[in-house]
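Step one of this worksheet: look at the structure below.
Residue numbers count from 1 along this sequence. As the structure lists them, so they are numbered: ligands from 1, and atoms in each ligand from 1. Everything quoted here is computed from the prediction, not taken from an experiment.
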Amino acid sequence: MRATSARETDIETLLLARSADSGGQADLLIVDEDGQAAARLKRLLVADNRVDTVSEPSAALLAAVEGNYDCVIVSTGFSSYDPLRLCSQMRAIERTRLLPVILIADPGEAALVARGLDLGVNDYSMRPLDRNELLARVRTQVKRKRYNDLLRKSLSRTIEMAVTDSLTGLHNRRYLDSHMPVLFARSVSRERPLSLLIIDMDHFKRINDTFGHDAGDDVLRDFAGRLNRNIRGIDLACRYGGEEFVVALPDTDQRMAAIVAERIRGTVASTPFTIRVGTASVDVTISIGIASLQPRDDSVEKLFKRADTALYEAKRSGRNRVVG
Ligand code: GH3
Ligand code: MG
Ligand code: MG
Ligand code: MG
């Protein structure tokens, strides 16, 4: 993978910050038991933001979870409810874990505010409220939240790229290697079957040599599509390298795996592959080796080894077949 220079990272961060900045109006949720106080607070904020108000703490939690708010502003004025409970509940729920909370408190409530900050409240404002100060505090929290959202999105894209094969969109070997031990351990502990298919294209060199490398790539992409259409959502298909693919089939014994493998082999052999060279299409076949978890298996490697031996046997005995 290409190394990213410090300068590029700086520029990326700058772009991120700018796009986080350009949000315009923010979506705010005011939580205040006192309807009139909530309306006053809303008037302070509404010129620059979209503002909803809610008076019940339980309704507030629901709104925070289900709404798409940038910041929640909680008044300490509840008579029958600890406003900090709402804050800790929000911190305990994944959807609202990082949602900014600003506390609106009375000057005598310093201890409550301190406890709130300990519980994950992000900021506070004391009554009587100053409009400009409050707006500045809200803006800061909204900006920080949007920036973090963007960073998280960009990070998950990076992670996804690291485990995806860019040619076919299937998982790559790195992903399979990290997940096979998990599937293996789960199958062993639940005493459930697990099967593995190793698939290798037959005489793939000939396809490259005859039609060119781009045509070979077309075949690999087309094959990935056919593979995906013939397995379940819980199956794990990956391009293991070159023109070799591996499929892990949880909850699938050897007999069922053979049926799946035969279906995949058939879908390749029965329909020629379209390639970009003229209007040409090319006949492709694959060989598949199968192995299924056995009681004496103590590692993923043993399973791989048996599937590999079966694949070798499929090649040796004439290709375009399933062995195992
Ligand atoms: P067989 O497996 O049936 O024994 O024959 P084969 O010709 O497929 O054998 P081998 O595994 O030795 O060759 C695989 C070829 O696949 C060699 C390589 O040039 C080609 N190949 C590997 N990766 C890619 C790729 O990403 N794109 C293309 N177009 N070709 C690839
Ligand atoms: Mg080979
Ligand atoms: Mg091959
Ligand atoms: Mg090969």
Does the N or O separation between R206 and ligand 1 drop below 3.5 Å for any pair? no
Is there a nitrogen or oxygen of L167 sitting under 3.5 Å from a nitrogen or oxygen of ligand 1? no
Do R321 and T285 have a side chain donor and acceptor closer than 3.5 Å?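 The criterion, which ignores hydrogens and geometry beyond distance, is not satisfied for T285 and R321.
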In terms of atom number and element, which parts of ligand 1 are under 4.0 angstrom from non-hydrogen atoms of D202?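 Ligand 1 atoms under the 4.0 Å threshold to D202: 3 (O).
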Side chain, backbone, both or neither: the part of [X] lying under 4.0 Å from ligand 1 by heavy atom:
X    : value
D200 : side chain
D214 : neither
L220 : side chain
R319 : side chain
M201 : backbone

At a threshold of 2.8 Å, where the distance has to be below it, does the Mg ion (ligand 4) have an N, O or S atom of E243 nearby? yes
Checking side chain to side chain contact (heavy atoms under 4.5 Å, CB included) between C71 and each of L45, L28, N49, T140, which is the one that passes?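 The residue from L45, L28, N49, T140 that satisfies side chain to side chain contact (heavy atoms under 4.5 Å, CB included) with C71 turns out to be L28.
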Below 2.8 Å, any N, O or S contact between D200 and the Mg ion (ligand 3)? yes
N/O/S atom of S287 inside 2.8 Å of the Mg ion (ligand 3), strictly under: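 No.
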Quick one: does R239 get a heavy atom under 4.0 Å from ligand 1?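 Within the 4.0 Å threshold, so yes.
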Quick one: are the ring centres of F273 and F223 less than 6.0 Å apart?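 They do not qualify: ring centres at least 6.0 Å apart.
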